[in-house]
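Heads up, the thing below is written out as structure tokens.
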Amino acid sequence: MHDIRFVRENPAEFDGALKRRKEPPLSATLIELDAARRRSIGEAEEAQALRNRASQEAGQARATGNLTAFEELRAEVSAAKDRISKLEREAEENSRALDDLLMTIPNLPHADVPDGSDESENLEIRRWGNPPEFDFEPLEHFRIAGAAVGLDFESGAKISGSRFVILSGALARLHRVLSQFMVDTHVTANGYTEKWTPVIVREEMMWGTGQLPKFGGESYQLTDGKWLVPTSEVSLTNIASGMIVAEGSLPFRYCAHTQCFRSEAGAAGKDTAGMLRQHQFEKVEMVSVTVPRCSDDEQRRMTRCAEGLLEELELHYRTVSLCTGDLGFGARRTFDIEVWLPGQGKFREISSVSTCGDFQARRMNARYRPADGGHPEFVHTLNGSGLAVGRTLIAILENGQRADGSVALPAALSPYLNGKLMLSPEGDLV
RNA sequence: GGAGACGUGGCCGAGUGGUUGAAGGCGCUCCCCUGCUAAGGGAGUAGGCGGGGAACCGUCUCGAGGGUUCGAAUCCCUCCGUCUCCGCCA
């Protein structure tokens, strides 16, 4: 959510930033709504002040036994009531009209974010490693013999519908072990505190992180009104909601391994083969809460934490800075990490590290008290995948595949696999 | 699912109709004292919104909304949330 005072004082800058995101200018509308809001608040408060004064005088009149004055003042207070409630209602309506609009406006892009209309204009900022070389045509993950054994799409579809899979045997273990490896690394090497979180959240949490009001269609809502999280960013970031924390206690660095649920309403026909895009998937998420001056550095740090995992897993990747047209609703700047998938011959997103500035913090009222004793200020929030577990599994399968249908697994997983670093063509760990 | 209790400031915790935006404690900030990784004394310290250059003024907020009253944190209603006990259960 945006600071209306910023809009009021910097309308041209505000509209200019929106324009970079291909959004129409809104400052004039916002300022108009704000003016109406402030006018009606002023009128309501004026009426309230009158009432308060009369009411207090009435009390004094009664106390001193001046009953004539008391009756007069009492009538005055009564008369003011209707007028006040009308003005209050008006002020409330005007405030809500402004907030309703503000809640639908995406975050403004960071100055560093490249302009562009879609993912083709994202800016590559880094590349690590080289694509593995094969003396055969590399296959997509679900066609690799050793992996296909453990991918039961038929049962997944029978039980739950399309875009659900059952992992079986060694593949299920490999998937589980990957998440352990990721969380362990974040906890022991990256300074994150592991959290075990609910995946069912109250509706207001979905507003706080920005899924609502515009993107409810991409998530699942339960019959009691609560939501299944599309990412544990929702659970983790909202830990700070409604709080005023000491500056000295920041940054918060949390990570969690959770199920994520996405209805992907708009993704019909996209990535239908394999387990790249599922309604239910696992992700290890990192969330940081910082003071404003530290959030840029924190985003770089967080990106490095995600990249480090891929390097440990010996997976070729590149990091891109999303252009304005590809930026998510709440993000100010996003670095996507794309892993090389030999079977597709493409880089595919495996992590997305975003800074939201104070955008989410305003929505969820997450603040800190400055060490110098000043007034509370909004924190900055950041989130990043570290990493998407299913996609990491895919990457390991496709990058490690061999001509006979077996898969060589990265050495970093050795402690988790009892040193068995090969998936046989029959789908066994050997 | 059944029964009950509760919801106050950064935190804990008083407060059942009238300067109570709110005692007290903790925490924090500043000052004093103290020859020292201790203790003591004093002062200050809620948030939002509106107006103002500022000092400051106004207004709202004691879970939320509504009601009673000249006046409510305090009384009434509704809702939300939390906790406890019982039941069921991983």
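Values below: every heavy atom of this structure, side chains too, minus hydrogens, waters and symmetry copies. In the text below, chain A, chain B and the rest are named by the order of the sequence lines, each starting its count at 1.
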Whole angstrom is fine here: how far is it from [atom1] in [X] over to [atom2] in [N]?
X: A:Gln48; N: B:rG71; atom1: CD; atom2: C1'; answer: 15 Å
X: A:Lys226; N: B:rC80; atom1: NZ; atom2: P; answer: 11 Å
X: A:Arg51; N: B:rC70; atom1: CZ; atom2: P; answer: 13 Å
X: A:Glu46; N: B:rC60; atom1: CD; atom2: P; answer: 13 Å
X: A:Leu87; N: B:rC60; atom1: CG; atom2: P; answer: 13 Å
X: A:Ile84; N: B:rC60; atom1: CD1; atom2: C1'; answer: 12 Å
X: A:Glu76; N: B:rG71; atom1: CD; atom2: P; answer: 12 Å

Considering only atom [atom1], compute the distance from [N] to [M] and round it to an integer number of Å.
N: B:rA22; M: B:rU45; atom1: P; value: 10 Å
N: B:rU16; M: B:rA73; atom1: C1'; value: 10 Å
N: B:rG7; M: B:rG13; atom1: C1'; value: 14 Å
N: B:rU74; M: B:rC85; atom1: P; value: 29 Å
N: B:rG21; M: B:rG71; atom1: P; value: 16 Å
N: B:rG15; M: B:rC75; atom1: P; value: 12 Å
N: B:rG10; M: B:rA46; atom1: P; value: 9 Å
N: B:rG63; M: B:rU82; atom1: P; value: 16 Å

| said: Can you see whether A:Ser168 engages A:Asp152 through a side-chain donor-acceptor pair at a distance of less than 3.5 angstrom? | reply: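 Per modelled atom types, A:Ser168 and A:Asp152 side chains form no pair under 3.5 Å.
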| So which one's nearest nucleotide on RNA chain B is more toward 5', A:Val77 or A:Ala371? |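 Closest to the 5' end, via its nearest nucleotide, is A:Ala371.
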| said: By nearest heavy atom, map A:Ala58 and A:Leu50 onto RNA chain B; which one lands nearer the 5' end? | reply: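 The residue whose closest nucleotide sits nearer the 5' end is A:Leu50.
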Does the distance from a Lys or Arg side-chain N to an Asp or Glu carboxylate O, for [X] and [Y], drop under 4.0 Å?
X: A:Asp296; Y: A:Arg333; result: yes
X: A:Glu311; Y: A:Arg304; result: yes
X: A:Glu92; Y: A:Arg89; result: no
X: A:Glu247; Y: A:Arg293; result: yes

Listed by chain and number, what are the ring pair (Phe, Tyr, Trp, His ring centres under 6.0 Å) partners of [X], not counting sequence neighbours?
X: A:Phe181; answer: none
X: A:Phe335; answer: none
X: A:Tyr368; answer: none

| field | Partners meeting side chain to side chain contact (heavy atoms under 4.5 Å, CB included) with A:Ser219 (sequence neighbours left out) | value |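 Once residues adjacent in sequence are excluded, the partners of A:Ser219 under the side chain to side chain contact (heavy atoms under 4.5 Å, CB included) criterion are A:Met206, A:Trp227, A:Pro230.
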| said: I'd like to check the side chain to side chain contact (heavy atoms under 4.5 Å, CB included) partners of A:Thr223; sequence neighbours left out, ordered by chain and number. | reply: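 A:Thr223 satisfies side chain to side chain contact (heavy atoms under 4.5 Å, CB included) with no other residue.
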Show which side-chain atoms of residues 384-391 of chain A pair as donor or acceptor with protein atoms under 3.5 Å away, not counting sequence neighbours.
residue	atom	partner	partner atom	Å
A:Ser385	OG	A:Ser352	N	2.9
A:Arg391	NE	A:Leu276	O	3.1
A:Arg391	NH1	A:Glu349	O	3.0
A:Arg391	NH2	A:Leu276	O	3.3

Quick one: which protein N/O atoms are closer than 3.5 Å to N/O atoms of nucleotides 77-79 of chain B? Pair and distance per line, please.
none

| said: Test of understanding: with side chain to side chain donor-acceptor pair (under 3.5 Å), list the residues that count as partners of A:Thr231, not counting sequence neighbours. | reply: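 Partners of A:Thr231 under the side chain to side chain donor-acceptor pair (under 3.5 Å) test: A:Lys283.
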| request: List in numerical order all residues of residues 194-211 of chain A for which some heavy atom is under 4.0 Å away from an atom belonging to RNA chain B. | output: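 Per residue number, the list reads A:Arg202.
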| remark: 5' to 3', nucleotides 44-53 of chain B under a 4.0 Å protein heavy-atom cut-off (B base, S sugar-phosphate only, - none) gives ---SSBSS--
Please tabulate, one pair per line, all N/O donor-acceptor pairs under 3.5 Å involving side-chain atoms of residues 4-13 of chain A, not counting sequence neighbours.
residue	atom	partner	partner atom	Å
A:Arg8	NE	A:Asp34	OD2	2.8
A:Arg8	NH2	A:Asp34	OD2	3.1
A:Asn10	ND2	A:Phe6	O	3.0

| remark: Its dot-bracket string being built from Watson-Crick and G-U pairs below 3.5 Å, with | for another strand and [ ] for crossing, RNA chain B has the pattern ((((((((.[[[..)..(.....]]]((((((.......))))))((((((....)))))).[[[[[..)....]]]]])))))))....
| said: More than 12 heavy atoms of other residues, nucleotides or ligands under 6.0 Å from CZ of A:Arg173: yes or no? | reply: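 Yes.
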| message | Among A:Val183, A:Leu309, A:Leu413, which residue satisfies the side-chain contact (heavy atoms from CB on, under 4.5 Å) criterion with A:Leu178? | response |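 Of the listed options, the one satisfying the test is A:Leu413.
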| query | Does a side-chain N or O from A:Asn52 land closer than 4.0 Å to OP1 or OP2 of B:rU59, or not? | reply |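 Checking B:rU59 against A:Asn52, a side-chain N or O does come within under 4.0 Å of OP1 or OP2.
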